[in-house]
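For reference, the structure is listed below as structure tokens.
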Amino acid sequence: MSPVSHIDFAALTLLEALDLAILIEDEARERYLEFAEQLETHHTEESAQFFSFMASNEEKHHRELAARRKALFGDAPVTVSRSQIFDIEAPELSEVAVFMSPRDALLVAQRAETKAYAFFASAVIHVDNAEVKALFSELAQEEIEHQALVQAELDKLPADDGFAASDFADGPVEQD
Amino acid sequence: MADSALAPSNESVALTAKDFKSELKPIWCPGCGDYGVLQAIYRALAAIGRPPHEVAFISGIGCSSRIPGYTTAYGFNSVHGRALPIAQGVKLANPDLLVLVSGGDGDGFSIGGGHVAHAIRRNIDLTYIVMDNQIYGLTKGQLSPTSPKGLVTATSMFGSLERPINPLLYTLAYGAGYVAQGTPSDMKGLAEIIEEAIRYPGFSFVNIQSPCVTYGDESGQAKAHRERAKSLASMGHDAADRLKAMDLAQAYGEELYTGVFYRDPNPTETYEAQIALRHSALKGKGPHREEIVDMFLQRLSAE
């Protein structure tokens, strides 16, 4: 169950690497938006707002990378596609739960940032191009910074109340 | 192998998954496996490249049967258990449409169980996608036909006494030409088997272990799937070997095998192809479809 397919990291050009990084941000933004929508529908407002905030962060990263691409390569065509990546920085679909606490939501983001770091850190080993190597190292470093930001938010929250989201879900009910 | 799924389209515009996403927002429980299935379907349809107006999505009733509304394709959220008969009618009325059918294990193997065998034996070119969560989730967690023996639910407080139906063995036994299984825990793999099922020229069946996060058993959740899933391709399974596929399918409920169990290397002629041949053979010997409709309408007005 590899998260990437058909990517030859050794032959990756800077343009392709930038496009992949943009697609990774897009995927994460869409997933966070989807989570926000799911939780809004199911009355879990605080965590929905947090996921909306994360989506706007991913959008910001997308814009930064896109500006860099434009400056370096103008309107050169995109030669990589979304079908080549899956769940690199996007939290896993099953991570969201009805009535999840803001702490749980932050932990979801934390795991996603850790996952993204692992991707860039392991990919950089297989890269030959020096510019791509520098880009992936930079992106891996950014993921570490994001983890620290999420951790700082986690530290501000009061201690867990001991409830899990599943405590609020309906279980089997005996019928009289 | 003929690529019937691609045949009728004259449009060559590159499509993305987003082209198949409708404005309607899913109301499944957060974390439901069906979100992943929906994403995989979007991806598979984009890879197929047929525009939404050349696709029809037919479903029955249940959580997973809501899927047609979440796509931009034609859709019919029909009657409980009757998705397959309606889909067969749609395909026969307009063979150029790419017809997909979705539903849950209850819709497909309990209430609509009788229809599966007949859809398979007719071999109409449909792709039947079952989101198998082993429970009736929409109605708050009753036993379904694929619930494991011993499962405690709202209707089996002391554990189910019934053995589950095995959807893989069932469809293989009736002669389905393409049988696969996936899980949204491996969405990339799932999108690939759905795409392949659509491309298969004949009846194709994809069983998806889609976790019910609210009423489902712990062993059926995404995390457990990631730990349990074993890819048939990595096991070296030859998907052209039907008997081996049946042998592997017997592990349903115990092992979580993902990928293609069986793909008929020599697909048999579809029902609609046989109809076209018969029409051709009977040309001039019987009334055209339009004439039959006219006769029917005249008779109706006479009554």
Side-chain angles (χ1 to χ4, degrees), chain A residues 1-7 23 26-27 29-45 47-48 51 77-79 81-88 90-101 104-105 108 111 164-176, chain B residues 14 16-18 21 25-40 42-44 46-47 135 137 140-143 151-158 183-192 195 210-216 218 221-226 229-231 234 258:
Chain A
M1 295 189 196
S2 166
V4 294
S5 58
H6 319 303
I7 299 177
L23 290 175
D26 279 351
E27 187 189 40
R29 180 184 62 85
E30 283 172 21
R31 187 66 49 81
Y32 281 124
L33 276 180
E34 195 178 332
F35 280 10
E37 280 176 8
Q38 289 178 33
L39 293 180
E40 274 165 20
T41 307
H42 291 274
H43 317 290
T44 310
E45 194 54 39
S47 296
F51 287 133
V78 178
T79 55
S81 77
R82 273 284 285 274
S83 64
Q84 290 176 284
I85 58 157
F86 175 61
D87 273 9
I88 306 289
E92 289 178 24
L93 280 157
S94 57
E95 289 262 45
V96 67
V98 68
F99 305 138
M100 72 193 301
S101 66
D104 284 339
V108 167
R111 284 192 287 274
S166 57
D167 293 331
F168 300 96
D170 296 345
V173 179
E174 189 167 11
Q175 307 291 308
D176 292 327
Chain B
T16 68
K18 275 186 192 165
K21 187 177 189 301
K25 288 176 183 164
I27 56 161
W28 293 312
C29 302
C32 173
D34 292 355
Y35 285 103
V37 179
L38 183 60
Q39 299 261 350
Y42 291 150
R43 282 184 175 219
I135 199 98
K140 290 187 174 286
Q142 296 83 12
L143 276 184
L151 187 72
V152 173
T153 71
T155 47
S156 59
M157 289 304 292
F158 302 103
T183 156
S185 297
D186 173 18
M187 210 236 284
K188 196 157 70 67
L190 181 58
E192 284 167 6
E195 181 190 340
S210 181
C212 174
V213 291
T214 306
Y215 300 105
E218 199 63 34
Q221 299 306 313
K223 190 168 174 244
H225 281 182
R226 273 191 293 279
K230 289 179 191 163
S231 152
S234 68
T258 60

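A, B, ... follow the sequence lines: proteins, then strands. Residue 1 opens every chain. Values below: every heavy atom of this structure, side chains too, minus hydrogens, waters and symmetry copies.
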Contacting moiety of E37(A), where chain B heavy atoms sit under 4.5 Å: side chain

Salt bridge check, K25(B) against E40(A): does any charged N sit closer than 4.0 Å to a carboxylate O? no

Who passes side-chain hydrogen bond (donor to acceptor under 3.5 Å, both in side chains) against T41(A), sequence neighbours left out? none

Check each atom of Q39(B) against the heavy atoms of chain A and say whether the ones under 4.5 Å are side chain, backbone, both or neither. side chain

Should [X] and [Y] count as side-chain neighbours, where that means a heavy-atom distance under 4.5 Å?
X	Y	answer
L39(A)	P30(B)	yes
L93(A)	M187(B)	yes
K18(B)	E30(A)	yes

Please report the closest heavy-atom contact between H42(A) and W28(B), naming both atoms and the distance. NE2-O, 2.9 Å

Quick check for you: among G33(B), S231(B), G31(B), which has the greatest number of heavy-atom pairs under 4.5 Å with chain A? G31(B)

Partner residues of K223(B) under the salt bridge (Lys or Arg N to Asp or Glu O under 4.0 Å) criterion, sequence neighbours left out: none

